[in-house]
Amino acid sequence: MKFAIIEFPGSNCDHDAYHAVRHVLGQQADFIWHKDTDLRGADTVVLPGGFSYGDYLRTGAIASFSPVMDKVREFAAAGGPVIGICNGFQILLEAGLLDGALLRNRRLKFLCQDVHVRVEATDTPFTASAELGQVLKLPIAHREGNYHVVPERLADLEANRQVIFRYCDSAGLTSDSVNPNGSVGSIAGICNLRRNVVGLMPHPERACESLLGSDDGRVVFESAVAALVA
Amino acid sequence: MFVTLKPSVFDPQGQTILDALSSLGYESVRDVRQGKFFELDVVADSAQEAMTISTEIADKLLANTVIEGYRVEVDPKRGEGD
Amino acid sequence: MFVTLKPSVFDPQGQTILDALSSLGYESVRDVRQGKFFELDVVADSAQEAMTISTEIADKLLANTVIEGYRVEVDPKRGEGD
Amino acid sequence: MSINQAVIETHGLTSAEYRRLLDILGREPTITELGIFSVMWSEHCSYKSSRLHLRRLPTEGPRVVQGPGENAGAVDIGDGLIAVFKIESHNHPSFIEPYQGAATGIGGIIRDIFTMGARPIALLNSLRFGELGDSRTGATTRRVVDGVVDGIAGYGNSIGIPTVGGEVAFESSYSGNPLVNVFCLGVAHAERLAKGLASGEGNPVYYVGAKTGRDGIHGATMASAEFDEHSGDNRPAVQVGDPFMEKLLLEACLEVMQTDALVGIQDMGAAGLTCSTCEMGARGNSGIEIDVSLVPQREAGMTPYEIMLSESQERMLLVAKKGREAEVEQIFAKWDLHAVRIGRVTGDGVLRVREGGKVMAEIPNRELADGAPLYSRPIKRPEGLDDLRRLDLAKLSPPVNLTEAWLTLLAAPVIASKRWVYRQYDHMVRTNTVIRPGCGASVVRVKGTDSALALSVDGNGRYCYLDPREGGRLAVAEAARNVACAGALPIGATNCLNFGNPERPETMWQFSEAVDGIAEACRTLEIPITGGNVSLYNETDGQSIYPTPVLGVVGLIKDATRALAGVFPEEGLEIVLLGDPSGALDGSEYLKTAHGSVQGCPAPVDLDRERALQSLLVEAASNRLLRSAHDCAEGGFAVALAECCIEGEGGGASVELPSTVGPHDGFGLVRLLFGEAPTRVLVSVPATERPRLLEMADAVSLPALVVGKTGGERIRIAVDGDVVADVRLEEAGNSWVTGFTRHFESVPWEQ
Ligand SMILES: Nc1ncnc2c1ncn2[C@@H]1O[C@H](COP(=O)(O)OP(=O)(O)O)[C@@H](O)[C@H]1O
Ligand SMILES: [Mg+2]
């Protein structure tokens, strides 16, 4: 099982994702530089968090034009599992691989804290090993995490069960007061229609070891491994 | 080149400024929306061409048309000095 | 209301966008500077008054005059529709 | 331009300094040379007022790999690794433009660390502002706080180095001169330590990073002159940080350092190209010759003077090995950076600046770098200090309701939770943060080893104002104690000395006393100082800040899984108070919050006992005896107890203290609850481990008192059987958690 971790200039959770899959899960992992045009036989692609191109212009905007993104598109079109975390999610949206956009958090400030998210679907390569309704404690760290789609598209997303993670409290209940950034429908993560491309704002790679406060994030990567073996 | 959030999209920055203004006593301000603008220095043979290039750039890169609208203005005089 | 970095102040955002444009093949773009703009809906008796209020707001709140300059434009027609 | 008296004065050189310059050159300087001398000999770069004093700080120890003198210090942390760390001030720029001032401060300290070949893994910040509640300056303070925190977040988050801790305090003395001290720590392989030196005649000198603009020209001299109402004139000198560029530089430089193609490297910080060329040459006993026309420039028509003095951010100077140029250039190109050869190393010990064929400056390096005059400035103990140090409680009345006083204190901006601040900082990126900000020291693990490092920055300007020597000792003791509470052995320290105008003898007295205090404490606690920073002229319109030394202490935990949190982790634990139960109200937060008074003699620290306490904590933590440890600092015992409950998972607590004998002034209980004193730590232990803990304390004659148990929905303090303060955990939590935001948001926007 081999993960490709794409590095854009300004990515800064690339090493964290690498550490999680390589050292915590014991899987193979390769860094792929954004100018590369070869995913080197990877089974799963990870677009890590960070501030690609400084988040200048708009988060993820410039990175979505990187040469490697053509390969990621091909890989996704062939059904390969792709996950975008935080800035990686923003890049997937800018690249048109997922629907919607991320606005500035409703209270404007950057937020770094733990949140709870509820798993809304287990038929994706990144949630297959989780249980439906399972509550995960994961960190967030972003200023532009306020997910937005127009109401008609939101209805589509819901109807197609494309919402994969929702902000909730520790008991799994959603409410405005536990929605950290104002995302429509408390959406923390979504997938594409084909369900192989997933994007989320929380950082599962930061929650893979209990020493760091939570290992709830492991299930995301373990799912990817299991999905491939299956 | 002017890029603004579409009217249907909530603008938290504009709202915050509005709140600040009202707490400063500027009651006459009814609404604030924040946008970005870009000054591009484009070498082109005609204003027409500059417009085409700029519009393409705005559409492709500078605006995210999912949430933003844009408007392009060309100031051809600028170039003449060069 | 337009807020831009003063010309002598480094604009890393503009520089990065410029680099991105050139790697996308837009060689004809020579310079990019990014600024903010604000649309304020001001209730005022005259364009003059709106101008005064807006300028005051720009100076006090919207522009950081240490590194930014600003320009205010008033569009009186806007209000008529209300 | 001809060099007359006025020109010399605007360059901040005294006539004696100018004569020295003439001696060194043996002729009149060119204007470029004058500019170069003026920045190199500014207080900021030359430490001319402080250096004689700094020599008294202990800088050696078995773990010290790099002491003061390089871009940062370094200590051995085992496994073939070293911890590289330093603290820096960015006070003046942060007042002029809070966001960019703080942001570029972060950029600067990060460069200091990776310049040494270390991968930066943690940032801390120590902040001092005016009072939010001040009707005259509160609104400005709010804007400055907001901008500074935003700037630190903006830069640190973007570059991906976690800001894991810090401190924030408010005192009116900082209202016109806030303090922004930033600390960075990195980890390097011991054999890869890079140095800022130039050697090897003919080796190429490279410039890499952002282009040079007219930013911050005279920045270094600005940081060395006090503010007055004309400071606005300096404003265009504000620099804008570019964290994205710095991220590229960081990765590219670390990659270049993996090769052995590099001779030396230094960032262009204060005094930019001038300082880096001259210092690298001086350290390597060589000269450097550069051609300014080759320097990448952002603006047209820049003069050699401007290019040499520019403080544009995110630039590095490198000396590579001859013949390895292509290798170096390629690595930078991979990161979209263009390394430009601007000169070469020479053997003549001269800094030579050319513009094309023309020589614009030619100065012997060593004299320029190390030849600044050192001043033994006059020292005088301030008059009125004795009055200040006399605390007369008879004029004050004790609180009627101790519970209310407790809640008020918990909500005071200095004490209340700083969540509003650290939530804006990404404190988890790099997945090393074992103990997050919230309570006490922060802990980051060192990947690839079993170990972790605990970090704390501390200082209390109020104590130093009342007694600078004791204040210096207390700052060291507190920072080290915080680290020890996390179960870490303190192994090294850095310090940032923020003081007023050194030309005032009273300031120099404070400075000298504080240095002696720090030196004493570091000696007894065996913590070497490996570097630091001095920031003088912190005064506005003649009003000086409190003398504020800030200590950053690094501690080592051999087994990261034994790092101790500062809060009660579960119900049913026994709470033990190590150290004396009572504290003093002198200089305390209680006295200031309740009575607006800053007076008295802060409780002194017994350094031997402090050392015993810290050793005990480290040993008990490594034996897994303790479940938590929290020192009693500002706000005393009652505040520490509340914090342990609120931030923890152990519910409330019920404790009982014995009354202590003291003056019968009606403040006995207040001293017991809110009095401040060093060497006091509140720990929680499982009942089974209590006897061992008490034995250990007894063996070193450290008082240890079992005061109560964790659990329940209330926090209750009884004295001799009578409940004296009692509050619902939730209510106490509400005061503490929302206190900061409530104060902050109640300040009107600036008019
Ligand atoms: N400016 C800041 N940046 C990050 N964390 C901060 C800052 N100020 C305070 N904190 C965090 O809040 C907690 C409380 O700080 P403080 O009251 O100074 O306690 P102590 O001195 O006991 O560590 C600490 O964990 C500290 O790291
Ligand atoms: Mg402290």
Side-chain angles (χ1 to χ4, degrees), chain A residues 52-66 69-70 87 89-111 142-157 176 179-187 190 192 199, chain B residues 1-26 29-44 49-75 78:
Chain A
S52 57
Y53 292 94
D55 267 4
Y56 297 156
L57 183 58
R58 275 187 322 279
T59 56
I62 299 178
S64 69
F65 290 98
S66 278
M69 287 307 292
D70 287 336
N87 195 235
F89 183 18
Q90 294 160 339
I91 295 169
L92 289 175
L93 293 166
E94 286 282 346
L97 283 163
L98 290 173
D99 264 341
L102 289 158
L103 302 171
R104 189 117 176 219
N105 296 345
R106 62 175 152 190
R107 278 183 283 278
L108 304 184
K109 304 267 185 215
F110 190 96
L111 288 178
H142 60 248
R143 204 183 60 169
E144 277 88 10
N146 180 350
Y147 182 74
H148 173 87
V149 271
V150 292
E152 310 84 74
R153 289 295 303 125
L154 178 61
D156 291 348
L157 286 180
D176 192 56
N179 177 347
N181 49 30
S183 291
V184 52
S186 292
I187 291 174
I190 57 167
N192 61 349
Chain B
M1 195 171 300
F2 305 87
V3 178
T4 33
L5 284 175
K6 291 182 176 167
S8 62
V9 178
F10 174 64
D11 171 15
Q13 281 169 290
Q15 185 61 42
T16 305
I17 294 167
L18 188 63
D19 294 346
L21 287 176
S22 96
S23 79
L24 283 175
Y26 289 101
V29 181
R30 291 299 163 80
D31 191 25
V32 179
R33 290 187 72 83
Q34 177 166 347
K36 288 183 267 194
F37 88 96
F38 302 91
E39 279 177 338
L40 269 65
D41 206 346
V42 181
V43 181
E49 188 191 328
M51 185 63 156
T52 312
I53 294 176
S54 305
T55 307
E56 195 181 308
I57 289 173
D59 200 71
K60 193 162 168 185
L61 186 70
L62 298 187
N64 176 349
T65 50
V66 175
I67 43 171
E68 294 169 327
Y70 61 87
R71 198 175 84 234
V72 179
E73 278 175 20
V74 173
D75 180 0
R78 271 299 196 58

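Residue numbers start from 1 in every chain, and the chains themselves are labelled A, B, ... in the order their sequence lines are given, proteins ahead of strands.
For B/E68, the part sitting under 4.5 Å from any heavy atom of chain A is the side chain, from C-beta outward, and nothing else. If you measure heavy-atom distances from B/V3 to chain A, you find no contacts under 4.5 Å at all. When heavy atoms are compared at a cutoff of 4.5 Å, B/L62 approaches chain A by way of both its backbone and its side chain. Of the atoms belonging to A/N105, it is backbone heavy atoms, and not side-chain ones, that fall under 4.5 Å from chain B.
Once rounded to the nearest 0.5 Å, the distance linking CZ of B/F10 with CZ of A/R106 reads 9.0 Å. Taking CZ of A/R104 as the reference point, atom CD of B/Q34 lies at 8.0 Å (rounded to 0.5 Å).
Taking every heavy atom of both residues into account, B/K36 and A/L57 meet most closely at NZ-O, 2.8 Å.
For the pair A/L93 and B/N64, the minimum side-chain heavy-atom distance is 4.5 Å or more.
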Fill in: Chi angles and distances behind the side-chain contact (heavy atoms from CB on, under 4.5 Å) call for B/K60, A/F65
CA-CA 10 Å; B/K60 193 162 168 185; A/F65 290 98; 3.7 Å; yes
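Side-chain N or O atoms of A/R58 include one that pairs as donor or acceptor with a backbone N or O of B/L61 at under 3.5 Å.
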